[in-house]
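Letters A, B, ... are given to chains in the order of the sequence lines, protein chains preceding strands, and every chain is numbered from 1. Hydrogens, waters and symmetry mates play no part in the numbers below; they use all other heavy atoms, side chains included. Since this is a predicted model, take the numbers as computed values, not measurements.
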Amino acid sequence: MTLWSVTLATLKKDIRLEWRSKDALNSMLFFSLLVVVIFSFSFDPTAEESRQIAGGLIWVAFLFAAVVALNQTWARELRNHVLDAYRVSPAPPEALFLAKALGNFLFVVILEAVMAPLFIVFYNLRALGPAWQLIPVGILGTWALVVNGTFFAALSIRTRSREIMLPLLLFPISIPAVQAMVEATRIILAGDGSSRFWIILLLTYDVVFTTACLGLFDKVLQAE
Amino acid sequence: MTLWSVTLATLKKDIRLEWRSKDALNSMLFFSLLVVVIFSFSFDPTAEESRQIAGGLIWVAFLFAAVVALNQTWARELRNHVLDAYRVSPAPPEALFLAKALGNFLFVVILEAVMAPLFIVFYNLRALGPAWQLIPVGILGTWALVVNGTFFAALSIRTRSREIMLPLLLFPISIPAVQAMVEATRIILAGDGSSRFWIILLLTYDVVFTTACLGLFDKVLQAE
Amino acid sequence: MPAPAIAVSNVVKQFGRFAALRGVTAEFDPGRFHTILGDNGAGKTTLLRALAGLAQPTRGEISIFGQSPRDACRDLGYMAHPSLLYDEMSGMENLRYFAGLYGIEGDEPCAAAIRAVRLDPELTRPVGQYSQGMRQRMSLARAILHDPKVLLLDEPFSNVDVHSAAEMVGLLKGMRDAGKTIFVVTHQATLLEGAADEFIWMQSGQIVDRTPSSVRPRVQ
Amino acid sequence: MPAPAIAVSNVVKQFGRFAALRGVTAEFDPGRFHTILGDNGAGKTTLLRALAGLAQPTRGEISIFGQSPRDACRDLGYMAHPSLLYDEMSGMENLRYFAGLYGIEGDEPCAAAIRAVRLDPELTRPVGQYSQGMRQRMSLARAILHDPKVLLLDEPFSNVDVHSAAEMVGLLKGMRDAGKTIFVVTHQATLLEGAADEFIWMQSGQIVDRTPSSVRPRVQ
Amino acid sequence: MKRLFSIFSALTALLLVYGLYQALLGAPTERTMGSVQRIFYYHVPSAWAAFCLFFVNLFASVVYLIRKNLKADALAVASAEVGVVFCTIVLITGPIWARPVWGIWWTWDVRLTTTLVLWLIYVSYLVLRRFSDSAQTPTLAAVLAIFGALDVPLVYFSIWFFRTQHPQPVMGRGGSLDPRMLHAFLINLLAFSCFAAMVCWARYRLEVLHREVEEAHAMESLAGGAAKASLPLNRSAQ
Ligand code: HEM
Ligand SMILES: Nc1ncnc2c1ncn2[C@@H]1O[C@H](COP(=O)(O)OP(=O)(O)OP(=O)(O)O)[C@@H](O)[C@H]1O
Ligand SMILES: Nc1ncnc2c1ncn2[C@@H]1O[C@H](COP(=O)(O)OP(=O)(O)OP(=O)(O)O)[C@@H](O)[C@H]1O
Ligand SMILES: [Mg+2]
Ligand SMILES: [Mg+2]
């Protein structure tokens with residue numbers, strides 16, 4: 001049984017279960033909807049202003065929503081100690097991690113697909129820069145959040161007061177990623193200068209931490 | 001055994017479990033700091049635009065704290081079906097609800113108390129209106145978020161109503177509260193006009209929904 | 001013959017399209033030791049939950065000393081498959097909390113209950129770190145804490161070692177002699193041969209047979 | 001006399017300030033049916049978890065067919081107190097997933113395992129809605145799914161009704177005769193009298209006695 | 001061992017005193033900034049000490065992950081805690097210095113932000129250690145330490161091209177610093193390095209001893225292990 005077959009099996013399983021009880025998706029949705037509303041109440045921006053801050057808004061909303069969802073990543077595996085069943089099996093630990101990360105990635109991307117239009121409407125955004133670049137930024141940025149988030153969620157389930165633990169571990173590490181996403185988005189929307197540097201930074205961030213996670217997850221999983 | 005004794009006992013129990021040590025408080029401090037830092041990375045505090053939306057920013061941060069707390073409210077009671085032990089006891093259901101709501105409220109308020117000053121420093125905010133009014137607004141607004149959140153989180157106890165889209169219920173209901181608190185904050189910070197109306201709105205909202213939740217919680221709890 | 005402590009009149013419990021209880025009708029005398037036997041999925045737990053007021057019957061009536069289970073909750077002690085305890089708290093902390101729910105003050109009752117199941121009230125380890133059997137016994141302690149008139153125990157002896165099980169049976173016997181009505185669901189009838197007054201056999205959601213303990217139960 | 005299937009050399013397992021295993025040393029022959037008995041908290045589960053590679057011993061060595069437990073995982077089937085199953089999925093869905101982890105294709109093996117524990121592979125009900133004993137049996141099905149050389153079963157019969165228990169013992173006997181090494185932790189030694197080759201007694205973290213089944217076990 | 005330690009700490013104390021003298025009296029007052037510039041003699045050495053300690057922490061963590069050596073873990077704890085302390089000193093002296101010189105307490109420039117993030121990362125490291133149970137803590141913490149180390153360069157790059165207000169490394173182009181200042185600076189650098197090493201060493205010893213005590217407790221609990229769990233004698237029916 002290869003890495004991929006297990007990854008796919010686990011991913012399929014998770015998606016099926018999440019579909020039956022839409023816990024994670026719901027709380028994410030609820031949270032980010034409220035964020036949009038709050039801002040639409042808190043001030044009505046001119047196009048220029050909104051271009052300046054929209055990047056920050058969008059990504060903060062997604063970051064927090066992601067944290068809310070990530071906190072539930074491992075809850076299901078813990079319930080009847082199912083994780084033990086995985087640990088005694090010959091299946092590669094990386095597969096489990098990949099599946100979880102991909103699953104979360106999927107959820108957050110869906111969320112973004114729902115939210116982005118809302119933001120655009122609320123802040124009547126029009127990108128002055130090359131809009132298509134928002135797609136790589138979005139994907140790379142989301143993965144950056146999710147890959148570390150999944151990993152640290154695995155760390156934090158082994159600690160007391162888990163929920164607050166995840167952001168404590170995740171935020172400091174994600175600072176450069178957040179910086180890069182926000183800046184890139186802002187630059188693209190406001191159309192001043194090139195977002196090349198930031199995209200490259202995001203790319204390196206993703207590569208570095210994906211490898212790190214895959215390499216170290218075994219240790220985390222087997223640490224009883 | 002009266003409503004209050006049970007409420008207090010439950011509240012004490014929850015607090016003990018959450019904060020077995022003072023580490024918990026420190027970690028909450030750290031959490032608030034992190035949130036503010038993340039914000040200041042996403043919204044350049046020196047920029048005028050971000051200064052304007054600071055009111056909204058604060059509430060987003062608070063909302064995040066609230067959601068982190070709410071998501072966990074009932075997990076502990078569900079773990080070994082402890083809830084059944086409560087249901088077979090003569091203790092009044094309202095006590096359980098009150099305790100949970102108060103617990104979340106405490107948690108969120110502490111975070112707010114730490115975050116607010118940090119925000120003020122980082123974004124050097126200066127309230128042009130009567131600053132003290134921010135306190136009632138904060139308290140009433142937080143309670144509005146928490147009381148509804150706790151109640152609807154309880155709905156998910158019922159295996160049946162798992163499918164109920166929790167957020168889609170909670171979302172429209174909490175809109176007026178959100179609007180009230182954001183508007184009030186904005187008015188007070190900007191110092192244009194009086195926030196009286198909004199505060200009264202919040203107050204009525206709180207009263208109405210607290211009574212509603214207390215009245216209906218019995219049904220939610222006893223429905224298996 | 002005393003008035004029935006508990007009267008169940010054709011109770012039906014439906015889960016979706018599946019019926020776990022199919023018209024159970026029975027009367028149980030007070031102060032007796034009833035043992036409920038039956039295959040897995042026979043409906044024993046469901047019946048017990050109905051008696052405890054945790055599951056509203058789809059149809060039928062349950063009266064405990066003439067009251068509904070919810071109203072009689074002070075007279076009921078219920079022990080389930082799951083421990084109904086907080087894993088993060090020590091046994092004593094747990095009981096102290098639940099005592100509060102019944103308006104019981106002070107540590108003495110809690111300590112007594114813990115000692116009654118042969119555990120150490122001083123044990124500071126959180127319940128989550130107990131061994132399975134220890135947890136089971138702590139769970140029984142929770143059920144007898146407020147010294148109820150009727151005990152509903154769902155497999156109290158599974159995972160409990162032989163000596164402790166024997167002791168627990170002794171304890172229950174003592175409570176029966178003190179006038180309590182006891183229901184025990186179990187698959188280890190042999191443990192109860194000495195103690196039980198009556199064996200009640202369930203099958204696919206119905207009570208199919210009730211044998212007084214004089215007759216040797218049909219186990220093995 | 002065959003080479004030992006499993007060799008445990010003075011294993012100590014510490015939980016913070018408490019030691020659950022205090023230097024266990026033993027060798028177990030392949031193809032035999034070992035029954036582990038002992039009081040609650042004796043360390044049986046801890047030992048089993050160490051054998052399964054779920055708990056790293058604080059000190060000491062464990063070798064299974066000369067490998068470390070982690071490397072020998074394909075040869076190990078482990079069943080624990082908790083069900084190790086997803087409550088939200090049906091039994092078949094569960095097994096299908098776990099089969100995937102072992103690289104087993106197709107539904108036939110899963111269905112076979114479920115039938116082996118006398119459950120219905122067609123049952124669409126999610127495992128969370130099974131009765132306790134049904135869940136227990138499904139959990140055993142998970143453990144024997146990949147038909148391992150060594151079975152580590154932690155109280156497989158608790159909550160299982162008498163008939164099913166007897167059948168499960170028969171099943172295990174069959175697997176033993178097929179050359180598998182079987183470890184069963186239980187408090188119902190009587191169930192296994194016919195089947196077990198050896199009774200191993202644990203007490204406060206040590207193996208205190210090993211009696212071949214010819215001698216009647218010291219239960220009751 | 002013990003003697004060595006006491007000698008070393010005595011030396012360190014002397015160095016610190018001499019360093020203090022040099023910093024306050026020995027070195028000349030800086031022309032533009034005035035006396036506040038003397039913070040420099042503590043500011044930089046503490047930064048330097050903090051960085052070194054974080055490196056030690058990384059090293060120890062890797063060693064622990066490779067060969068589960070609990071001593072390495074103890075070293076990791078010690079270095080992290082002491083490192084955070086020194087990093088805090090930098091974060092406090094910095095703004096004290098910045099206020100009169102730049103007219104602001106804080107600015108988002110490379111060096112400052114990097115230091116801040118570094119501080120955040122290692123505080124979260126300590127928080128993790130606090131909140132997880134004994135058996136698994138070392139592994140989890142070591143893993144987190146590695147993540148933190150990987151993150152620092154990225155943070156640096158993510159901010160490096162912001163216009164920086166912060167003085168560039170003076171060490172590189174040595175001459176620009178008055179020789180007496182340099183002398184005082186080097187003395188303090190040495191003193192702080194020794195100081196950091198000493199504290200770290202003490203903390204390390206403490207940690208190791210603490211663990212030995214725990215171990216001893218466990219071994220002694222072996223005696224009445226399960227006897228504690230369930231008392232076979234004490235019976236008392238209700
Ligand atoms: C506001 C908070 C501040 C922080 C967090 C901070 C941080 C640091 C750090 C981490 C270093 C060591 C980096 C290195 O050696 O390459 C350093 C060195 C230094 N800092 Fe600061 N600093 C702050 C404010 C200031 C201010 C206001 C001044 C003076 C105007 C200053 C002057 C220096 C100098 C001269 C060095 C030595 C440069 C070198 O040789 O590398 N710092 N600072
Ligand atoms: N919540 C539920 N939803 C659907 N079916 C359920 C639910 N709870 C129980 N059942 C079904 O009702 C039947 C009886 O369950 P019950 O738990 O009462 O059996 P039991 O006699 O306690 O068995 P055991 O001895 O194994 O505990 C079982 O077939 C079970 O699958
Ligand atoms: N995670 C843990 N932390 C601390 N102590 C533990 C932990 N797990 C088990 N123990 C202790 O180790 C001892 C042995 O536990 P174990 O579960 O092995 O007993 P057991 O023989 O399985 O008992 P039972 O028959 O009741 O299952 C018990 O005293 C228990 O409290
Ligand atoms: Mg049952
Ligand atoms: Mg056990």
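By the side chain to side chain donor-acceptor pair (under 3.5 Å) test, B/Thr10 pairs with C/Tyr97, sequence neighbours left out.
Here B/Leu34 contributes atom CG and A/Leu170 contributes atom CG; the two are 9.5 Å apart, rounded to the nearest 0.5 Å. Atom OG of B/Ser27 is separated from atom CD1 of A/Ile164 by 4.5 Å, given to the nearest 0.5 angstrom.
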Let me check something: any side-chain donor-acceptor pairs from residues 100-116 of chain A under 3.5 Å, sequence neighbours excluded? List them with distances.
unit_1, atom_1, unit_2, atom_2, d
A/Lys100, NZ, A/Asp14, OD1, 3.3
A/Lys100, NZ, A/Asp14, OD2, 3.1
A/Lys100, NZ, A/Thr73, O, 3.4
A/Lys100, NZ, A/Glu77, OE2, 2.8
A/Asn104, ND2, A/Thr73, OG1, 3.4
A/Asn104, ND2, A/Lys100, O, 3.3
A/Asn104, ND2, A/Thr150, OG1, 3.2
A/Glu112, OE1, A/Thr142, OG1, 3.1
A/Glu112, OE2, A/Thr142, OG1, 2.8

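In this structure, A/Val182 and B/Phe41 have side chains that are not in contact, with every pair of non-hydrogen atoms separated by 4.5 Å or more. Residues A/Trp59 and B/Ser42 are not in side-chain contact: their nearest non-hydrogen atoms beyond the backbone lie 4.5 Å or more apart.
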**Item:** Test log, rule side-chain contact (heavy atoms from CB on, under 4.5 Å), inputs B/Val37 and A/Phe171
**Value:** CA-CA 9 Å; B/Val37 169; A/Phe171 284 176; over 6 Å; no
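Taking both residues in full, the closest heavy atoms of A/Ile53 and B/Phe43 are given as O-CE2, 3.8 Å, listed atom of the first, atom of the second, then distance.
Ring orientation note: the planes of A/Phe64 and B/Phe39 are nearly perpendicular, at an angle over 60° on the 30°/60° scale.
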